[in-house]
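So the structure is just underneath, and the comments pick up after that.
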Amino acid sequence: MKLHEYQSKFLFRDFGIPIPQGKVATSPNEAYDIAQELGGVVVVKAQVHVGGRGKAGGVKVAQNAEEAKRHAASILGMDIKGLAVERVLIDPGADIQQEVYLAITNDRGAGKPLIMTSMEGGMDIEELNRQRPDAIVREHVDPIMGLHDYQKTYIASAMGMPRAQWRSFGRILSGLYKCYSASDAELAEINPLVITGDGDLLAVDGKVIIDDNALFRQPALTERRDTSGEPDSERQAREAGITYIKLDGQIGCMVNGAGLAMTTMDMTKLYGDEDGIGPANFLDIGGGASPEQVAAALRIILSDENVKCVLFNIFGGITRCDEVANGILTAYNEVNPDVPMVIRLQGTNAAAGNRIISEAQIPHIISAETLTEAAQRAVAAVKERS
Amino acid sequence: MKLHEYQSKFLFRDFGIPIPQGKVATSPNEAYDIAQELGGVVVVKAQVHVGGRGKAGGVKVAQNAEEAKRHAASILGMDIKGLAVERVLIDPGADIQQEVYLAITNDRGAGKPLIMTSMEGGMDIEELNRQRPDAIVREHVDPIMGLHDYQKTYIASAMGMPRAQWRSFGRILSGLYKCYSASDAELAEINPLVITGDGDLLAVDGKVIIDDNALFRQPALTERRDTSGEPDSERQAREAGITYIKLDGQIGCMVNGAGLAMTTMDMTKLYGDEDGIGPANFLDIGGGASPEQVAAALRIILSDENVKCVLFNIFGGITRCDEVANGILTAYNEVNPDVPMVIRLQGTNAAAGNRIISEAQIPHIISAETLTEAAQRAVAAVKERS
Amino acid sequence: MSILIDRTARVLVQGITGRQGGFHAKLMMEYGTDVVGGVTPGKGGEWFEGKPVFDTMRMAVATTNADVSLVTVPARFAADAIMEAADAGIKLVICLTEHIPVSDMMKVVAFCQRRGTRLIGPNCPGVMTPGQAKIGIIPAMVATPGNVGVVSKSGTLTYEVGFAMKNHGIGISTIVGIGGDPVIGTTFVDVLEMFENDPETEKVALLGEIGGSAEIVAADYIKNAMTKPVAAFIAGRSAPPGKRMGHAGAIVDGGEGSAEEKIMALEAAGARVAANPEEIPGLLA
Amino acid sequence: MSILIDRTARVLVQGITGRQGGFHAKLMMEYGTDVVGGVTPGKGGEWFEGKPVFDTMRMAVATTNADVSLVTVPARFAADAIMEAADAGIKLVICLTEHIPVSDMMKVVAFCQRRGTRLIGPNCPGVMTPGQAKIGIIPAMVATPGNVGVVSKSGTLTYEVGFAMKNHGIGISTIVGIGGDPVIGTTFVDVLEMFENDPETEKVALLGEIGGSAEIVAADYIKNAMTKPVAAFIAGRSAPPGKRMGHAGAIVDGGEGSAEEKIMALEAAGARVAANPEEIPGLLA
């Protein structure tokens, strides 16, 4: 779960990290009041869950409250990569001497938290990593012991942080590690961490992503979820306990198991790509899905107007194919899809499941024995209807 | 640093451990008001830093507020093993079904926290350990990992806690470990932890001792220090940065180093015991003590009226004996003791030190070359003056 | 014994009185696995299908002398359950549980390493040595005994491939589901190494997916240290970047972890990579 | 090399720019100890008596190839400093610092054990192999080379005994001050075992005190595993129970840790226990 910039920075503040004294506005008038209160130059920043808002015109400097109001008016409601801007952060302008990059993330290969930091902050870390990988200091943290104080000295020294800032940088590093750790974050990033003309450090921009699997113990953070950037269908699926991701193709996929669901997508593309045909979604109904869940999943798939065919690929292991077949029939009767459905049931009780489907004598239903056959038939069905 | 019962229990409460809703009174009228507010039967408990207050009459049950006031009047000001009672805790009476013992302490041999618990609570743990050692369940905690949840199940099962209480006992165990750990406690003890008639758990008595060396990071606990049980001389020494412990003998000891200080005490006793002569105190002036500290230490030693002789035993290692000799002379001139002083300087610059002392030509000063000689001469000096 | 388990494995099921734990414990016993008991805190003293249930792993191991544990408890209890097994002296822990927070797993993996306990998973279907024992949820029907080792991040995709192999008359030495989470106890390389050293394994099938770089590291191992042929499939060629495809670990992030780079690395290492998992039996023939 | 250190030891001093650290570093160098540098965070790049000062142990070890570290930093930084040394690959860390919280030391001791780092102390005078090297604050004058190993919880008491031995013409192989704190890195038994296995040590002097049960455990070891004669002294016979006698560990608590029980145990184990430390040379003669 992503936090907005303002949410991330307010969270940093809870862990003792200095941030600008800005506030969030949802209207130009509010922006005016905040800018007035702050006084001087302010920055008006769009709060959306996409990168590149600066290039899109979502970040603007204002010399006074009147200008802040005008900027807010132009940014609020702006469309950035398909997302409407609902909030702007009004931050006081900072006296930037130097921009530093500082982040803590999960290094999955090492199975440890990884601190990445560089005196060349401001730019995207992936960009920096491509251009000047040696400018990034990387330090693992022992997940059980946590961050040692001596590591802070090592990092500050290795990155070339001026000595005058070691102490305050160390405090921020401790604070960020505590924040990352206490919030079950996958990423806690300050970019830029600014050294001001007075030699102070200030987290001017921030990004935090929380591990979805840990939200059960993060009630305060869970409340802050902003689903405005999420497609309706994905939100509905999430609420129904189904993993669904909308894609651009024409073949709706309903599969049990994440790996097999990806594979099924891949097969539709393998056989359909030359005709511009591919998967309309990722969907994993999980093990032992009920007829109600199958129906809900089917409705979600069909809510996508691009879908020209639905492909069921169920490998019955513990799941019994006859039960899934009944679920499909129930769902079919409830949802009444007007697109063809390719059904491939394999594994436990596959014969019985296929018999149930064929005996139901439903038009638009196409059987398949192997995944290859199923994918090929789904592609053919889409071609027919195009 | 010891916490009083009420301080310990209020600390437990901060960590989610259920305690009786009692309050502290420093006067009979206050006790009346608290008992009135609580209603019903209450217990009036002396808050002093010694064991055995129950047998001394420091704990009394009152049926009503009037009786609570009378009990408070008799307990407040009472002398328990030399300590005056300044506060009483007024707790509501508990419906006691069973008394449980639960404590976490440092196991120095293992270098790990040790949980000790027993269904046979209420009595002193040392007593229980002598009588029924098998009734105590002992479980170490990994100091880095902390208490695992599974250990709580193991402990509850092994001690024979009824299953209905496992969950609440587990929560108390977690809370007590957090309390012990967050407070840098050497001991966090609940005795008894009561199972009430309703099956609830309640920490009816508590004892917490904080590691003195960790007080620098426990400001809130440090404020709660009650020095009323501490002799004035020990408090003065503590404030002067000297370790001093008052004993019953006649020979005041001033030594550098704790091990040598104990040894010096032992030697006075070894040679004086048959005449009833022994050490008046433990005192370690540490390494490189200044003349001011030597003078302060001398004043503290002489504040004890039993002292008939002062024995200086300094083994100069890094400390130079000539400097110590000058310190002694300065202290002598400032304090002007009227008891004989045996001075033994050995090690670095011992010859020079001894020359300084002998050249000062001070009456009452007796030189010695070895520790044995010094102890024997101090004993002889006391005998002379008896 | 092929690798990791054979019919002599003495298995405890943590969470045996749960719906999932009990269901699979029964199927394991039907397959011939020696399930010697189970653990559910608060239910010690009960019985499950003739096997004793204990409150703690410590008591369970002391009584049954078990050497493998299967963790089936819910996500919020799973980290503690794995460490409990490791502390009780179990040297092989297989964890099926999905949705364990990554921060828990980082601690648990470090903990198991220090204890010398091998952890398989979490979020995996388990381990099966066909004809001998299965520990986990892999259906009996998807494999027959043979000489191909299978290692996979995924559940049903593995069944699909196993089933296709069976239909082509190809048997399996051991199937190891390592799980699709970002931080796991046992990696592709760990298992490849075991297969390389296993006299009963002649070839290996590796089923990977997008996300992370475990397949790249595996390719490196295949190139430098493996003598046995490897056939592979990587799921997620059609997955968009920045989206988590069901498995917590299945995400192409910052240009890393794409199917293309994994396929290229594996092919460069000499593995034969299928575009369609149903081609795997052909590549192994 | 006698035990633990000899003239080849390459020593870093953590806290070398501090008053205590610098003072003792100089004395160590005068004695002949090979002090190769020091560490003080924030002072990297400076020089101390011709030796380089580094910001971190990692950089110091990489540059100097040191193998021993002496920790002289204040109590609140000491736990971190010890772990820093262990993480930097140092296998022998000697910590002089007094007043470290016990909870820190419990973590640090467990940490060092996992890292395979031997910790001596804290709150100890250090280690000296007379005529070769001294690391810590033991004065040069208290010992000459010889064949008696000395292990002690105390500082000045050790000097007292060493000096008495020297005056009786008895030399020392190595002096190890293990420290008077409740939780320490190296115990009596650890050192007794080293002396037992050290061909240059023929006899051992053990200087204990009240508090804890390390001397009882040592008695057990002496009885069961030691062939070399042991002379001992236990300080604190006249100490009252329940009072901490200077050293954080020197307290008779709940009837445990008294001098009497330690003396009895040592005598029963065959050690010769002196009533007066100045008798030790006689017992060793």
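Both backbone and side-chain heavy atoms feed into the values below; hydrogens, waters and symmetry mates do not. Proteins get letters first, then strands, A, B, ... in listed order; numbering begins at 1 in each.
Taking the charged nitrogens against the carboxylate oxygens, Glu256(C) and Lys262(C) have no contact shorter than 4.0 Å, which rules out a salt bridge. Using a cut-off of 4.0 Å between Lys/Arg side-chain N and Asp/Glu carboxylate O, Arg235(A) and Glu239(A) are scored as salt-bridged. A salt bridge does not link Glu30(C) with Lys134(C): every distance from a Lys NZ or Arg NE/NH1/NH2 to an Asp or Glu carboxylate oxygen is 4.0 Å or more.
Enclosure of atom CE in Met145(A) by more than 12 non-hydrogen atoms of other residues, nucleotides or ligands within 6.0 angstrom is indicated.
For the set Gly246(C), Ser238(C), Gly211(C), Ser154(C), the count of heavy-atom pairs under 4.5 angstrom toward chain A peaks at Ser238(C). Here Gly236(C) is the residue among Gly155(C), Gly236(C), Pro139(C) with the most heavy-atom pairs under 4.5 Å with chain A.
Interface remark: Ala275(C) contributes backbone and side-chain atoms alike to the contact with chain A (heavy atom separation under 4.5 Å). For Val102(C), the parts lying under 4.5 angstrom from a heavy atom of chain A are both the backbone and the side chain. For a residue to count as touching a neighbouring chain, one of its non-hydrogen atoms must lie under 4.5 Å from one of that chain's; by this rule Asp273(A) does not touch chain C. In this structure, chain A has a heavy atom under 4.5 Å from the side chain of Arg114(C), while its backbone stays farther away. Within the 4.5 angstrom heavy-atom criterion, only side-chain atoms of Asn313(A), from C-beta onward, approach chain C. Within the 4.5 angstrom heavy-atom criterion, only side-chain atoms of Asp211(A), from C-beta onward, approach chain C. Heavy atoms of Met141(C) lying under 4.5 Å from chain A belong exclusively to its side chain. Proximity to chain A is limited to the backbone of Ile234(C), based on heavy atoms less than 4.5 angstrom apart. At a 4.5 Å heavy-atom cutoff, Ser181(A) makes no contact with chain C through either its backbone or its side chain. With a 4.5 angstrom heavy-atom cutoff, Glu127(A) does not touch chain C via any of its atoms. In this structure, the portion of Ile100(C) lying under 4.5 Å from any heavy atom of chain A is its backbone and not its side chain. Residue contact with chain C, scored on non-hydrogen atoms closer than 4.5 Å, is absent for Tyr244(A). Proximity to chain C (any heavy atom under 4.5 Å) is shown, for Leu371(A), by both the backbone and the side chain. Using a 4.5 Å cut-off between heavy atoms, Lys269(A) contacts chain C through its side chain alone, with no backbone atom that close. In this structure, the portions of Met265(A) lying under 4.5 Å from any heavy atom of chain C include both its backbone and its side chain.
Screening His140(A), Arg138(A), Lys112(A) for a side-chain hydrogen bond (donor to acceptor under 3.5 Å, both in side chains) with Asp107(A), the sole residue that qualifies is His140(A).
At least one donor-acceptor pair under 3.5 Å links the side chain of Asp284(A) to the backbone N or O of Gly286(A). Side-chain atoms of Thr348(A) come within 3.5 Å of backbone atoms of Gly316(A) as a donor-acceptor pair (strictly under, hydrogens ignored). Between the side chain of Asp104(C) and the main chain of Ala79(C), no donor-acceptor pair closer than 3.5 Å is present.
Looking at heavy atoms from C-beta onward, Pro113(A) lies in side-chain contact with Pro143(A) at the 4.5 angstrom threshold. Within the 4.5 Å cutoff, no side-chain heavy atoms of Glu373(A) are placed close to those of Met267(A).
Separation of the Phe315(A) and Phe163(C) ring centroids falls under the 6.0 Å cut-off.
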